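Everything on this sheet refers to the single structure shown next.
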Amino acid sequence: MKTNQMNQTAVHVFLILLSAACLFPFLLLFMASITDEQSIVKDGYTLFPSRLSLDAYSYLWNQASTMARSYGITVLITIVGTFVGLLISSLLAYPLSRKDMPLRGILAFLVFFTLLFNGGLVPTYLVYTELFHMKNTLMALIVPGLLTNGFFVLLIRSFFSTSIPAAIIESAYIDGASEFKIFYRIVLPLSLPILATIGLMLTISYWNDWFNGLIYITEPKLFSIQNLLNRMLSNIQFLQQNSLGGNSSQAAAAIPMNSVRMAMAVIGILPIICIYPFFQKYFVKGLTIGAVKG
Amino acid sequence: MRQSGWSDAFKKLKRYRALFLMVLPGLIYLAVNNYLPMLGVVIAFKNIDYSHRGLFGLIYYSDWIGFKNFEYLFKTNDAMVITRNTLLYNGGFIIVNTLVAIGLAIVLNEVRNRLASRFYQSLVLLPYLISMVIVGYLVLSLLNVENGFVNKHILPMFGVDPISWYSESKYWPYILTIVNLWKNIGYFCIIYLASIIGIDHEFYEAATIDGASKWQQIRSITVPLIAPTITVMTLLGIGRIFYSDFGLFYQVPLNSGPLQSTTDVIDTYVYRGLMTLGDIGMSSAAGLYQALVGFILVLISNYVVARRDRDQALF
């Protein structure tokens, strides 16, 4: 058996180096956020700064109201978007999975065609701004592009049609259960794995979304955490100019700008990294069902 | 006959009205989010005049100008540059990502300790989980001109002067390829790993008994047996070669003007035309050009996949 395996030590050394390469930028970002401003100017960003300081975080603490607001918006759109998205995707997927559903073929094609062709950014932008007037509303962070897509619907449909025996549904119907009751009493409880997987995908895409905010939101009060980060990336003074509270009289020179940006990014990724180990299994599952069928 | 046909249809509608109600919200969403914009592609043939209000007013009252927007687009050098960049980047990404991911998946499959293997997978997959804005910050901490890790610590080791990364376009094809690889390698790797794990162990046992070396086994067993997955992933990539990861090309170069010759792709061009230049005509023409060529490429690549393996095809 020994010849069948590569040298384990070499394999581990290689993979440890590679994992370190994946992790390195995150560590650098974190160290940069706790480095003293003077030592950044002198040595640049480094893993082993000569002087540590929590100035960046205490500055952000003074801006807590801006930060908390953006965080609140991100949490709100993530919860609402994931819930509504799961609901309408599974509601659409269920009738498509029923072999006796009239017009099933046409409806499935309407869902599927959205994967092949799309109108592009300009018409989409005009639909949401000129027809639905979503510019600078919270709806713009939830509705455009993210709520559901044909791909999710088709994945849920194929789970329904392979894992839920038609006989169960039929007998429930004969026993007098309404279609809605069958859906939420029988179909949904039997489909928790796929719902968890799609729900996780939706959660991640809402948490990470900055694109809708970039094109539909110009009002800083409605920025999600990603939009705040996006704005700070191009304009380092953004937080200070738009602070809702805190000590805005603080002199610009005294603000540890080089580390504040990095500290904000750390606060932006922290929650997702903290819960990553717990949902990794579903995450991997979601990625593989998408690409390799079965 | 006709009468009973209608009444049958009516009965069916009544019997299935709950199911029709269920599909309604989803269909309305797709109509708004996907089908209305599809109809909106006529904007590319119009001279949009903002003095009219509302979506229908804008489209209905603006003048038809035929293919003028497309003429302008293809007369400039822009169309050539963004098409070239889009194709070269995405083509390069397909090749680099596939090769590295397969190599990594083969090595990961060799790890005997299950816990260690899962640990490596988690770390490699971590970059796939974060938003492109964060990636922009991570790259900035490396490439920042005054404080960046590369300019302060790596280049001095080789005695090279600091480089102002965000204004020199020639480095960006490499930078973006590396960043894209770093971000997506975990995803491609677990796809190929899933495929490798599915290979029957008896092949390897028989090969070992026959005295085949590890390298020979990889070449003659592993790679041929995951070839269907490689083909499908590659063809799916080719089907989407006209669409770029907007975040990668917008956030990572910090939307820097001097870099545009090597970082501008169709998606960033459309975005800039709409949001910063206000040139809706050119922008929507480029968008429709992308959608049409993209559509044709998806159809062709699906046709090729379907001919090889019916089950793997999208349709």
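Predicted model only: the values in this text are computed from it and were never measured. Each chain gets a letter, A, B and so on, in the order the sequences are listed, and its residues count up from 1. Note: hydrogens, waters and symmetry copies are ignored here, and every other heavy atom, side chains too, is used.
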May I have all residue pairs that pass side-chain hydrogen bond (donor to acceptor under 3.5 Å, both in side chains) and include part of residues 124-137 of chain B, sequence neighbours excluded?
Gln226(A)-Ser131(B)
Would you say OH of Tyr276(A) has more than 12 non-hydrogen atoms from neighbouring residues, nucleotides or ligands within 6.0 angstrom?
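Above 12, so yes.
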Take atom CE in Met139(A); do more than 12 heavy atoms of anything else shown fall under 6.0 Å from it?
no
On the 0 to 90° scale, with breaks at 30° and 60°, tag the Phe246(B)-Tyr250(B) ring pair as parallel, tilted or perpendicular.
parallel
Plane angle bin for Phe132(A) and Tyr128(A) - parallel if under 30°, tilted between 30 and 60°, otherwise perpendicular
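Plane angle between 30° and 60°, so tilted.
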Which bit of [X] comes within less than 4.5 Å of chain A, counting heavy atoms only: side chain, backbone, both or neither?
X         : value
Leu292(B) : both
Leu27(B)  : both
Arg17(B)  : neither
Tyr271(B) : both

Given Thr46(A) and Lys152(B), is the side chain to side chain contact (heavy atoms under 4.5 Å, CB included) satisfied, shown in steps?
CA-CA 9 Å; Thr46(A) 160; Lys152(B) 277 279 187 180; over 6 Å; no
Taking the six-membered ring for Trp, is the centroid-to-centroid distance between Tyr45(A) and His153(B) below 6.0 Å?
no
In terms of heavy-atom pairs under 4.5 Å, which option from [options] contacts chain A the most?
options                                   : answer
Val270(B), Leu36(B), Leu126(B), Leu254(B) : Leu126(B)
Tyr29(B), Tyr35(B), Phe20(B)              : Tyr29(B)
Gly136(B), Gly273(B), Ser122(B)           : Ser122(B)
Ile130(B), Ile185(B), Leu129(B), Val42(B) : Leu129(B)

Should the pair Arg15(B) and Tyr173(A) be classed as cation-pi, given the thresholds of under 6.0 Å to the six-membered ring centre and 45° from the axis?
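Because its charged atom sits under 6.0 Å from the ring centre and within 45° of the axis, Arg15(B) does stack over Tyr173(A).
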By a 4.5 Å heavy-atom criterion (distance strictly below it), what part of Phe117(A) contacts chain B: side chain, backbone, both, or neither?
both
Kindly determine whether Leu154(A) and Leu115(A) satisfy side chain to side chain contact (heavy atoms under 4.5 Å, CB included), including the steps that lead there.
CA-CA 10 Å; Leu154(A) 294 178; Leu115(A) 298 178; 4.0 Å; yes
Would you mind telling me which of Phe26(A), Phe24(A), Tyr94(A) has the largest number of heavy-atom pairs within less than 4.5 Å of chain B?
Phe26(A)
What are the residues of residues 206-213 of chain A, in order of number, with any heavy atom under 4.5 angstrom from a heavy atom of chain B?
Asn208(A), Trp210(A), Phe211(A)
